[in-house]
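Written below as structure tokens is the structure these notes are about.
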Amino acid sequence: MHVDLSDTTVLVTGASRGIGRAIARECAASGARVAAHYVRSSTEAASLQAEAPDRIHLFQADLTDLDACGELFHAVVDRLGGLDVLVNNAGVALPLPLDADADTWRAGWEETMHVNVRAAEYLCRLAIGHFTEHRTDSLSERLTDHLTKRGGGRIINIASRAAFRGDVPAYMTYAASKGALVALTRSIARGCGDAGVRAFVVAPGFVRTDMARDFIDAYGEDHVLEGIATDRLTEPEDVAPIVVFLASGRADHATGSTIDVNAASYMR
Ligand code: NAP
């Protein structure tokens, strides 16, 4: 099967590093026009763009700020002429021990929910509006869309195994935010199908990135490798092809589903 994303514009949040970077790279390799978002890692973002300067376009925004989320979305649509696929990948995993002082606790919950949930829900809202507005009403075009497996728009939200399994106490904030992202995605899949919107969750287990490194430093490599059925830790490149496949429209009838990428460490 050949997966072709030509004539497809994909916004990937958090594309400067880790999983988002691999997704952006794989989308571009499949022919997509990629809006690669970052916030601080301008050097890493520039090096990503240098890999495919005609296909990868950089956008900077702080996703703790809803106004910045809106500006990001409109900048992508204006510069790239529209949007077909939104990948909410940017995320934070802040350790918040139960005995953290109240200010740290509250600030950690705020930041986590802003980046992992509020930014994602707001971008989803804007994307649904955009997809709905630009959906063709012509039956013949819709049939053509069906045949080419295109039409409407797709949302792919990167959640986590933690949404289903839970996490250690210091990461309950993170797990809660990912649970919210799953419920959001399922609601979009159920409620916005008539508007041609398809929505999916990808739920990785541990993936070798900066985020996982922080956890490994705190809890040890053994904890991360515990229970996985493969001979190595999952890499960002193990997640990216699944996102490309979902983005292509070849899996549209799986809308609402969650693809687990956790090396059999947790099966629902
Ligand atoms: P990562 O390597 O830490 O990269 C995080 C990305 O999010 C970066 O591109 C970063 O941008 C961006 N980001 C962070 N805070 C932001 C903010 N305030 N505004 C805008 N962008 C922000 O993380 P990762 O491991 O690739 O994780 C990607 C996604 O997969 C996350 O949603 C994460 O929860 C999920 N996930 C990861 C794992 C894992 O083990 N790694 C497991 C399950 C799920 P800058 O580079 O510019 O700072």
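Atoms within a ligand are numbered from 1 in the order they appear, just like the ligands themselves.
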- Note on the structure: The closest protein heavy-atom partner of atom 9 (O) of ligand 1 is S16 OG, 2.8 Å
- Query: Between Q49 and I56, is there a donor-acceptor pair closer than 3.5 Å when you use the side chain of the first and the backbone of the second?
  - Reply: yes
- Hey, is I19 touching ligand 1 through its side chain, its backbone, both or neither, going by heavy atoms under 4.0 Å? both
- closest protein heavy atom to atom 27 (O) of ligand 1 is M211 CE, 3.9 Å
- Task: Look at atom 24 (P) of ligand 1 and say which protein heavy atom is nearest, naming residue and atom and giving the distance to 0.1 Å.
- Result: T209 OG1, 3.7 Å
- Quick one: nearest non-hydrogen protein atom to atom 39 (C) of ligand 1, plus distance? V207 N, 3.5 Å
- Message: Could you identify the single nearest non-hydrogen protein atom to atom 1 (P) of ligand 1 and state the distance to 0.1 Å?
- Response: R17 NH1, 3.9 Å
- List the closest protein heavy-atom neighbour of atom 29 (C) of ligand 1: residue, atom name, distance to the nearest 0.1 Å. N89 O, 3.0 Å
- Which of these, G205, A93, S160, has its nearest heavy atom closest to atom 42 (C) of ligand 1? G205
- Give the residue, atom name and distance (to 0.1 Å) of the protein heavy atom nearest atom 44 (C) of ligand 1. A159 O, 3.1 Å
- Do R232 and D238 sit within salt-bridge range, that is, some charged N less than 4.0 Å from a carboxylate O? yes
- May I have all residue pairs that pass salt bridge (Lys or Arg N to Asp or Glu O under 4.0 Å) and include part of residues 34-56, sequence neighbours excluded? R21-E51, R25-E51
- Item | Which residue and heavy atom of the protein sit nearest atom 21 (N) of ligand 1, plus the separation | H37 CE1, 3.3 Å
- Note on the structure: salt bridge (Lys or Arg N to Asp or Glu O under 4.0 Å) pairs touching residues 118-127, sequence neighbours excluded, are R118-E121
- Note on the structure: Nearest heavy atom to atom 19 (N) of ligand 1, choosing from L63, L181, N116, belongs to L63
- Query: Taking the six-membered ring of F164, is NZ or CZ of R268 closer than 6.0 Å to its centre and within 45° of its axis?
  - Reply: yes
